[in-house]
Protein chains: 2
Amino acid sequence: MRAAIILALFATAASQPATPPKKLTPTDIVAAAPASAWRAIPAEDLMVMTLEGGGRVVVQLAPAFAPVHVSNIRKMATGGYWQDANVYRVQDNYVAQWGIGDVKRDFPAGVVALPPHEYWRSPAGLRITPLGWPDVYASSAGFSGGWPVALYKDGTASLTHCYGAVGVARDLHPDTGTGGELYAIIGHAPRQLDRNIAVVGRVIDGIQHLSALPRGSETMGFYKEGTVARPITSVTLASEMPEAERPSFEYLDESSPSFAAYLRSRANRDDDFYRVAAGGVDLCNAPVPVRPTPEEKG
Amino acid sequence: MRAAIILALFATAASQPATPPKKLTPTDIVAAAPASAWRAIPAEDLMVMTLEGGGRVVVQLAPAFAPVHVSNIRKMATGGYWQDANVYRVQDNYVAQWGIGDVKRDFPAGVVALPPHEYWRSPAGLRITPLGWPDVYASSAGFSGGWPVALYKDGTASLTHCYGAVGVARDLHPDTGTGGELYAIIGHAPRQLDRNIAVVGRVIDGIQHLSALPRGSETMGFYKEGTVARPITSVTLASEMPEAERPSFEYLDESSPSFAAYLRSRANRDDDFYRVAAGGVDLCNAPVPVRPTPEEKG
């Protein structure tokens, strides 16, 4: 019975002789994408965080959308700002948040203490691949440089709070946060936060080390004073690590035929498990595929 | 600094003298809803599950949408079918799944071994409160009897795979599953599953006991053979429990003015934290509020 259930929620059909070829799942399409459809993510855009007890979280930074906050984060990561940092808030279906919390510590040199808001930018210079379906939070939605993006009628563009998005915790506006306290989305996309917070990246590996942490018992998922969800052992950038140890990732170029096929498939599941295809998909239910850079073939 | 961060992601503004009254958050609106806006959930619609080590999960069943599967589930819950059941699959941003897996066990009397699909129903007899914004997976979306519902151009209606939705794991169609193996959604709504699986309810309390479980290491989040995420100690219906021990819940009637205000507020956050209101909300980002039934005032 277990074998049957293993099939239950994904469409990995057993091949049957004398039937048409198996229809492809989104996973199949991504697995078959040629090397030319993948784009390397620069090592200086990868923030690598390790949690006590093991567990590595890799955040892809988004300098094209939040340059000042990302610059701050890079300086904090390399300047020791997050020594003794920890995850101190885990709110179900919402966020895991980390940083140094109460601790007062000087910023490393070059950190901008009061950054501009960076909640949105001009779409000028962004090549946008449209989602192809409406977005209730914006005029339209699509993908650009590996990011899920919303476009607004006032002519602005923003990153979106999809699952895994990393944003800058802040106090009431006009405060914009420094980047010293960050959160990752661990539930259904709270898109109302778009254009209200600086989104600085997304978790591309190890999100389960944040999303599976016990929820905090206090209001908004905070941990009781003196307790934390998990200490953070180290934070650095991949570009600062010895080359042999660096994690390396690439994303599926949204302008590639493979991405177009993936998106069509996410919106029209017709593999053997499915009886009815939805005929649509929302932005956050079509995450840009990311994979570890394959080993070079010798 | 921690105090400031506690404010960061919700809009609980410190009151300032000589300023206009604080704008209401969705939480404020729900807290202020009069008793008349709340509807009791019948005790026979509450499946109560306890996990080893503590942790109670309460699932509201949806007999109006999946009557045969719900009847099966009630008989399994009261007939000892789930003895030695466990959570054996936890896939990040997707589902936690439980049941008896490999174990072969006769069904309690009255269980329908091959139920009809119950993936959708006629909307006849359903009073629908429209969401008011488009839904990319259906012709329209709204709420009915405490449930998030999608309506299709072929004249059908279905429950939706929002966060917390509970569905019936199954093999490839035309199998529909019995209800013996269930899953709960623990990530961004995988709405492609709508009309492809019998949705039988939703977790209304204790979802964190499923969503914070360690993710399984095998394909699709399954646990390695011989290991499980968490044993299930007991499953019953609230209606079978001694009255003094029964959990009791009510939901905010979607036809009430309070619900209308809640929905408007979810779509147009204008409390002090926010700088820009979205002007829209998707179905699964406006969960129907549920609360424990308040103690009667003496």
Side-chain angles (χ1 to χ4, degrees), chain A residues 1-2 4-10 13 92-95 97 99 101-104 117 119 133-134 136-137 162-163 169-173 177 181 183 187-196 207-208 211-215 219-220 222 266 269 272-276 278-282 284-285, chain B residues 1-2 4-10 13 92-95 97 99 101-104 117 119 133-134 136-137 162-163 169-173 177 181 183 187-196 207-208 211-215 219-220 222 266 269 272-276 278-282 284-285:
Chain A
M1 187 154 182
R2 184 139 187 186
I5 293 155
I6 288 176
L7 296 174
L9 287 173
F10 266 73
D92 196 68
N93 193 23
Y94 201 44
V95 298
Q97 186 172 322
D102 283 338
V103 177
K104 290 189 193 310
H117 70 62
Y119 302 158
W133 288 276
V136 295
Y137 299 96
C162 295
Y163 192 89
R170 64 165 172 85
D171 204 338
L172 299 181
H173 86 75
E181 311 299 314
Y183 63 87
H188 189 79
R191 297 278 311 276
Q192 70 275 13
L193 297 176
D194 298 353
R195 296 189 295 166
N196 286 291
I207 181 98
Q208 71 276 11
S211 59
L213 289 172
R215 279 46 178 156
T219 309
M220 293 166 49
F222 280 89
R266 292 290 299 185
R269 292 296 294 263
D272 292 348
F273 180 76
Y274 286 82
R275 179 164 167 159
V276 182
V281 68
D282 72 280
C284 294
N285 196 16
Chain B
M1 187 151 181
R2 184 138 188 187
I5 293 154
I6 288 177
L7 296 174
L9 285 173
F10 266 73
D92 196 69
N93 193 21
Y94 202 45
V95 298
Q97 186 172 323
D102 283 338
V103 177
K104 290 189 195 309
H117 70 63
Y119 303 158
W133 288 277
V136 295
Y137 299 95
C162 295
Y163 192 89
R170 64 165 173 85
D171 203 339
L172 298 181
H173 84 78
E181 311 299 315
Y183 64 88
H188 189 79
R191 296 278 311 276
Q192 69 276 11
L193 297 175
D194 298 354
R195 295 190 295 167
N196 286 292
I207 182 100
Q208 71 277 11
S211 58
L213 289 172
R215 280 44 179 155
T219 309
M220 293 167 48
F222 280 89
R266 293 289 299 185
R269 292 297 294 265
D272 291 348
F273 180 76
Y274 286 82
R275 179 165 168 159
V276 182
V281 68
D282 72 280
C284 295
N285 196 17

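Here is how names work: the chains are called A, B, and so on, in the same order as the sequence lines, proteins then strands, and each is numbered from 1.
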Ranking A/G99, A/S211, A/G187, A/P190 by heavy-atom pairs under 4.5 Å to chain B gives rank one to A/S211
Partners passing ring pair (Phe, Tyr, Trp, His ring centres under 6.0 Å) against A/Y119 (at least two apart in sequence or in another chain): A/H117
With a 3.5 Å distance limit and no angle check, can you tell me whether A/R266 reaches the backbone of B/Q192 through a side-chain donor-acceptor pair? no
Interface residue of largest heavy-atom contact number with chain A, from B/G280, B/A212, B/A278, under 4.5 Å: B/A212
For A/N93, which residues count as a side-chain contact (heavy atoms from CB on, under 4.5 Å) partner, sequence neighbours excluded? A/H188, B/Y163
Do you know which two heavy atoms are closest between A/Y137 and B/N285, and how far apart they sit? OH-ND2, 3.0 Å
With chain B as the partner, which of A/D194, A/D282, A/I207 has the greatest number of non-hydrogen pairs under 4.5 Å? A/D282
Do you know which two heavy atoms are closest between B/V136 and A/W133, and how far apart they sit? CG1-CB, 3.9 Å
Between A/N196 (side chain only) and B/V276 (backbone N and O only), is there a donor and an acceptor less than 3.5 Å apart? yes
Please classify the contact between B/P214 and chain A as side chain, backbone, both or neither, with a heavy-atom cut-off of under 4.5 Å. backbone
Measure the CG-OH distance between B/L193 and A/Y274 for me, rounded to the nearest 0.5 Å. 4.5 Å
